[in-house]
Amino acid sequence: AYAYVGSALVPYVHWSILDALQRGYETLYFISRDGHFLKKIADQIITIRNYPMKTSFIYGSRQAWRVPSYIDKLDSEMFGRFGNFVGMDSFDDLVKASWLEEEELLALFPQFATLKQLPHLRGATAEKIRILLKDSPEYHQKVLAIAAERRKLVCEYLKQNINFNEKFAFVEFWGRGYTQDVFARLLNATAHKEVDTDFYYVRSLSPNKLGIHRHNFIVAPKNFSYFEPIFASAPYQSIKDYQLNERTGKVEAVVIPAPN
């Protein structure tokens with residue numbers, strides 16, 4: 001499988017490097033978990049071709065960045081079909097998705113107690129849950145308070161791992177581009193100014209926005225979801241959180257091994 005995948009990944013990564021050089025980027029940051037393999041490819045190409053490009057690695061994910069990126073309001077994506085409240089198989093899943101403790105959630109929505117008896121929280125049940133949460137100002141305020149607290153660690157991690165004095169871009173594989181939109185808010189919060197958030201994709205689905213640029217290897221509307229098992233075979237789980245290392249004083253991603 002890797003022999004076939006290489007024939008697709010190597011041209012994409014090589015193009016990203018060449019395009020980045022033309023655009024004047026000084027460093028390419030590869031984001032976990034897609035970047036785990038893509039950076040290895042890039043480093044080999046750069047060494048062999050002696051390209052004047054630096055690379056670095058950033059631990060992160062939509063799950064780790066979504067809520068901390070909520071600064072003034074929750075975005076509608078949190079309650080959409082790709083948001084927090086999908087694929088819930090139990091009441092515990094709802095509690096985790098809400099970002100609240102069970103007691104807090106039930107204090108706001110006592111009617112949710114009846115959900116503990118259901119075999120799953122999908123379909124019409126999930127839709128009713130999303131509407132209740134989306135329409136609750138009290139819930140929004142609680143999540144915004146959590147977001148503000150968690151954002152401190154995320155921004156410190158980015159500050160320690162990104163050189164904001166350089167021109168840089170980030171490399172992923174494919175997706176809608178929502179994670180990039182979320183990440184842009186965190187970059188701006190970290191730098192305390194508007195920062196160009198430029199990403200490379202083999203293919204993204206969303207258009208460019210002010211300060212958010214998506215460089216696509218191809219423009220044809222192709223689905224690359226069949227590559228996802230390759231990236232999921234990285235030797236750690238998707239990043240969900242960050243923590244302060246008391247010994248070093250640095251913020252680190254919580255990396256949970258996942259041997260394959």
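Residue numbers run from 1 in the order of the sequence given.
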Participant: Given the side-chain rings of His14 and Phe217, with only the six-membered ring counted for Trp, is the space between their centroids under 6.0 Å?
Facilitator: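 No, the ring centres sit 6.0 Å or more apart.
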Participant: Could you check whether Tyr242 and Tyr59 have their ring centres less than 6.0 Å apart?
Facilitator: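 No.
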Participant: Does Arg247 offer a backbone N or O that forms a donor-acceptor pair with the side chain of Asn245 under 3.5 Å?
Facilitator: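 Yes, the answer is positive, given that a donor and an acceptor are paired below the 3.5 Å cut-off.
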Participant: Looking at Glu127 and Lys134, does any basic side-chain N land under 4.0 Å from a carboxylate oxygen?
Facilitator: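 No, no charged N to carboxylate O under 4.0 Å.
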Participant: Any donor-acceptor pair under 3.5 Å linking the side chain of Tyr12 with the backbone of Tyr201?
Facilitator: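 Yes.
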Participant: Go through the structure and list residues passing side-chain hydrogen bond (donor to acceptor under 3.5 Å, both in side chains) with Glu156, not counting sequence neighbours.
Facilitator: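 With sequence neighbours excluded, Glu156 shows a side-chain hydrogen bond (donor to acceptor under 3.5 Å, both in side chains) to Gln160, given in chain and number order.
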Participant: Which label fits Tyr200 and Trp15: parallel for a plane angle under 30°, tilted from 30 to 60°, or perpendicular past 60°?
Facilitator: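 Rings of Tyr200 and Trp15: perpendicular, over 60°.
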Participant: Please list, chain by chain and in numerical order, all residues satisfying ring-ring contact (aromatic ring centres under 6.0 Å, His included) with Trp65, sequence neighbours excluded.
Facilitator: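 With neighbours one apart ignored, the set is Phe183.
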Participant: Answer yes or no: is there a side-chain heavy-atom contact under 4.5 Å between Leu144 and Leu74?
Facilitator: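 Touching, per the 4.5 Å side-chain cut-off.
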Participant: Could you tell me whether the side chains of His213 and Asp198 share a donor-acceptor contact shorter than 3.5 Å?
Facilitator: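 There is such a pair between these side chains.
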Participant: If the plane angle is over 60° it's perpendicular, under 30° parallel, otherwise tilted; pick one for Phe173 and Phe231.
Facilitator: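 It falls in the tilted class, 30° to 60°.
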Participant: Within the 4.5 Å heavy-atom criterion, are Phe199 and Thr179 side-chain neighbours or not?
Facilitator: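 They are not in contact (no side-chain heavy atoms under 4.5 Å apart), so the answer is no.
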Participant: Flag the pair Arg151 / Ile71 as yes when at least one side-chain heavy-atom distance between them is below 4.5 Å, and no otherwise.
Facilitator: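 A side-chain contact under 4.5 Å exists here.
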Participant: Taking side chain as C-beta onward, heavy atoms only, is His36 less than 4.5 Å from Pro235?
Facilitator: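 Of all side-chain heavy-atom pairs linking Pro235 with His36, at least one is under 4.5 Å.
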Participant: Compute both the distance and the angle, then confirm whether Lys39 meets the cation-pi test with Phe57: under 6.0 Å from the six-membered ring centre, within 45 degrees of the axis.
Facilitator: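 Lys39 over Phe57 ring: no.
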Participant: Any side-chain heavy-atom pair from Ile45 and Val13 closer than 4.5 angstrom?
Facilitator: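 SC-SC contact between Ile45 and Val13 confirmed.
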Participant: Will you find, in the side chains of Asn223 and Ser225, an N or O donor that is under 3.5 Å from an N or O acceptor?
Facilitator: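 Their side chains do contain a donor-acceptor pair, which is all the 3.5 Å distance test asks for.
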Participant: Output yes when Asp92 and Lys96 qualify as a salt bridge under the 4.0 Å nitrogen-oxygen rule, no when they do not.
Facilitator: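 Answer for the salt bridge query: no.
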Participant: Centroid separation under 6.0 Å, is that true for the rings of Tyr178 and Phe82?
Facilitator: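 No, too far apart.
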Participant: Only one of Arg66, Arg176, Arg62 clears side-chain hydrogen bond (donor to acceptor under 3.5 Å, both in side chains) with Glu77; which?
Facilitator: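 Looking at Arg66, Arg176, Arg62, the match for Glu77 under the side-chain hydrogen bond (donor to acceptor under 3.5 Å, both in side chains) is Arg176.
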